[in-house]
Number of protein chains: 2
Amino acid sequence: MATIFDVARVAGVSTKTVSRVLNNEARVADDTLARVRAAVADLDYRPNPNARSLAGRRSYLIGLFYDNPSRNYMADIMGGAIRRCQEKGYHLLTEPCEADDPNLPRLMVSVAARFRLDGLILTPPIVDRQDVLDAIAQANVPLIRIAPRTDPARTPHVHMDDEAAARLAAYHLADLGHTRLGMILGHPDHGAAELRQRGFMDAAAERGLTLSPDHIMPGDFSFARGFAAAEQLLALPNRPTAIFAGNDDMAAATVAAANKHGLQVPRDLSVIGFDDSPIAQVIWPPLTTIRQPTMAMAAAAVDLLIGDSDPEPVRQLGFELMVRQSTGPVGG
Amino acid sequence: MATIFDVARVAGVSTKTVSRVLNNEARVADDTLARVRAAVADLDYRPNPNARSLAGRRSYLIGLFYDNPSRNYMADIMGGAIRRCQEKGYHLLTEPCEADDPNLPRLMVSVAARFRLDGLILTPPIVDRQDVLDAIAQANVPLIRIAPRTDPARTPHVHMDDEAAARLAAYHLADLGHTRLGMILGHPDHGAAELRQRGFMDAAAERGLTLSPDHIMPGDFSFARGFAAAEQLLALPNRPTAIFAGNDDMAAATVAAANKHGLQVPRDLSVIGFDDSPIAQVIWPPLTTIRQPTMAMAAAAVDLLIGDSDPEPVRQLGFELMVRQSTGPVGG
DNA sequence: GTGAAAGCGCTAACAA
DNA sequence: TTGTTAGCGCTTTCAC
């Protein structure tokens, strides 16, 4: 393995100059630059990341702390972050943790200090823990939050407009002629759940549609709760002709419940989900749903941390209505 | 942040002695050991991993190279590996890559050398690339393969007995009284696909059941192919009363196809899958399937790499038949 | 059983 | 614009 000394020797310069080139510092003569670059290519030299972070103040390492709420969500987050890191010459350190561990602030600061992490990315739900935020701020570690629900101004963050997305769901259903709308809510502890409810109901009201209280069922984002809620909804004498579920798992559960009760989707019931998780396309009929840009959010978080992009401290990403076959005109 | 010097000073020993304690080397006097341990605890000292791997020959870092074939599978692999690493004081470096990148051998060796990785874990399909294996062997980097299908004796590895698992599926169906069995095969490039087919057919034959050729459909592990295959199977005049799909995605597709054609599962058709992926439990009825211990396999791979366990170079993990509601006695 | 000193490969501060 | 000299915090010789 070639070292920086080898490169310096071949290029006929000092190691510091090589270092300058490596780190894109200004003030390097063009021909020096070229010679160093050539030597690097020649020797297939790659800096040793350990030496780099030991000597310097950066590590090219980003820490992702999470308390795995949903498998698919985390897979998307990690996938998006890892790929972007790779593109930028960074690496991702993934640290599972316990959302209610009282020791979490100390743990995170300690890991950040020892590895000289260039920054931290947090996802829900720990993204909203005040003691964690305090500790990170005090330790002066750069932090990007993904989808924070409290105190958003406190740190740079990445999010999407859940409320506007839910509005879109309501418009879609209204456009199809549905008037008896039902909804299965998300987990009450999850800020997005409330936003989705508000957006959906407001937009429905705009179109002159009000949801009767017994058409609004509590839920918790799980298939099981969604299934039970859907069964109740479908047993109602004036059952809704269209149901908006707070996420795809519950939407899938609604489709399953409809099947079980001999109702055909979308002829007898339209169902719309939220997330565009993999399940949306591995059931029949495939779900109409809102595509949440989870991978893109993680990638944007990396960008913000690296500071390689525009310096906006807040990034709002777009969503998309994926119209598939679980929704259709009222009455088939 | 405390350094090794601080610990040495507090314990009244040299840094080398602290280092000995940290690395569990033999020949440290009991009271010295105790004093050092006390100092470490006192100062809440944690060795700097960068300094450690720069100076020493280990990094406490394990590399996982993968070409994300299936989201759920990789999430399980990563989850299992990360958790076990964390327990053992290691960290996991996750490196997505391209399975057909001709440069892969060089890339992997380079990353391993620069990070001084303590070892590599490979998953299908790159686990079977000969040039990759050659390069890793030549670079003398410890390697554990997960579910290799070619040349298993070549390296230590972790796997499960796909064939025996598939036999179990056949016995289950036979025990329920089914005689007209169908099967949807996995991807032909995937070694496990063949093993599952062989196990299923052999076990069926044992019970005096032979699958008619038109009841064996090719597939590729995808929902879409599975759906098409199931539709063909169900359109047959003497359609099977039970179908074994090569994985859960295709089993879910089979249930969906049955629904679409007005057949009720399991009354009119029993379906059994393979993997016990999350989808198995978010459809209706939930799938009877073989639980594949993916997380445990990844954890075992870490164990083998760290050498912290029994020194067997091959580890075979158990599977489990998860009987749920997609299978039932023939004729309902 | 323990310690002194010399690096690991790089960047930081300061000089030139 | 470039080079010199110290470290970063640890493990490794090789003595004792």
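Keep in mind it's a predicted model, so treat the numbers as computed, not measured. Labels below follow one simple rule: chain letters A, B, ... track the order of the sequence lines, proteins then strands, and each chain is numbered from 1.
In this model, the phosphate group of D:dG9 is not approached by any side-chain N or O of B:T3 to a distance below 4.0 Å at OP1 or OP2. B:N23 has a side-chain polar atom (N or O) that falls below the 4.0 Å cut-off from OP1 or OP2 of D:dT11. The shortest distance between the side-chain N/O atoms of A:N50 and the OP1/OP2 oxygens of C:dC8 is not below 4.0 Å. For D:dC10, the OP1/OP2 oxygens have no side-chain nitrogen or oxygen of B:S19 closer than 4.0 Å. Contact annotation: A:R116 side-chain N/O to C:dC10 OP1/OP2 distance is not under 4.0 Å. Contact between the side-chain N/O atoms of B:R57 and the OP1/OP2 oxygens of D:dT11 is not found at any separation under 4.0 Å. Within the 4.0 Å cut-off from OP1 or OP2 of D:dT2, at least one side-chain nitrogen or oxygen of A:T32 is found. Residue A:T17 has a polar side-chain atom (N or O) positioned under 4.0 Å from OP1 or OP2 of D:dG3. Contact annotation: A:Y45 reaches the phosphate of C:dC10 (side-chain N/O to OP1 or OP2, under 4.0 Å).
As rounded to whole Å, 13 Å separates atom P of C:dA4 from atom NZ of B:K16. Remark: C1' of C:dG3 and CZ of B:R35 are 14 Å apart, rounded to the nearest angstrom. Going from atom CZ of A:R58 over to atom C1' of D:dC8 covers 17 Å, rounded to whole Å. Between B:R114 atom CZ and C:dC8 atom C1' the separation is 16 Å, expressed in whole Å. Straight-line distance from the CG atom of A:D31 to the C1' atom of D:dT1: 11 Å, rounded to whole Å. Put simply, OH on A:Y60 is 18 Å from P on C:dG9, counting in whole angstrom units. Rounded to whole angstrom, the span from the CG atom of B:L22 across to the C1' atom of D:dT12 amounts to 15 Å. In this structure, CG of B:L54 is placed 12 Å from C1' of C:dT11, rounded to the nearest angstrom.
For the pair B:R154 and B:D128, the salt-bridge criterion is not met [side-chain N within less than 4.0 Å of a carboxylate O]. Taking a cutoff of 4.0 Å between a charged side-chain nitrogen and a carboxylate oxygen, B:D42 and B:R35 do not qualify as a salt bridge.
Checking D:dT4, D:dC10, C:dT2 against every side-chain atom of B:V28, the shortest atom distance belongs to C:dT2. Of the candidates D:dG9, D:dG3, D:dT2, D:dG3 carries the atom nearest the A:S14 side chain, counting heavy atoms from C-beta on. Checking D:dC10, D:dG3, C:dC10 against the side-chain heavy atoms of B:A55 singles out D:dC10 as nearest. Of the candidates C:dG1, D:dG7, C:dC8, the closest approach to any side-chain atom of B:A29 belongs to C:dG1.
A donor-acceptor pair under 3.5 Å is formed between the side chain of B:D118 and the backbone N or O of B:S59. Although no hydrogens or angles enter the test, the distance criterion places no donor-acceptor pair under 3.5 Å between the side chain of B:R83 and the main chain of A:P96. In this structure, the side chain of B:R149 does not engage the main chain of B:P124 through any donor-acceptor pair within 3.5 Å. When atom types are taken as modelled, the side chain of B:R145 and the backbone of B:V127 share a donor-acceptor pair closer than 3.5 angstrom. Distance alone, capped at 3.5 Å, places no donor-acceptor pair between the A:R84 side chain and the A:V302 backbone. Using modelled atom types, no side-chain atom of B:D76 and backbone atom of B:Y73 make a donor-acceptor pair closer than 3.5 Å.
The salt bridge (charged side-chain N to carboxylate O under 4.0 Å, His left out) pairs that include a residue from residues 96-108 of chain B number zero, where partners must be two or more places apart or lie in different chains.
Note on A:R20: a base of the nucleic acid sits closer than 4.0 angstrom, heavy atoms only. Using a 4.0 Å heavy-atom cutoff across all strands shown, A:R52 reaches sugar-phosphate atoms only and no base atom.
Sequence order on DNA chain C of the closest nucleotides to A:F5 and B:R27 puts B:R27 first from the 5' end.
Terminal axes of the helix from C:dG1-D:dC16 to C:dA16-D:dT1 (five pairs each, C1' rotation axis) are separated by 20°, to the nearest 10°.
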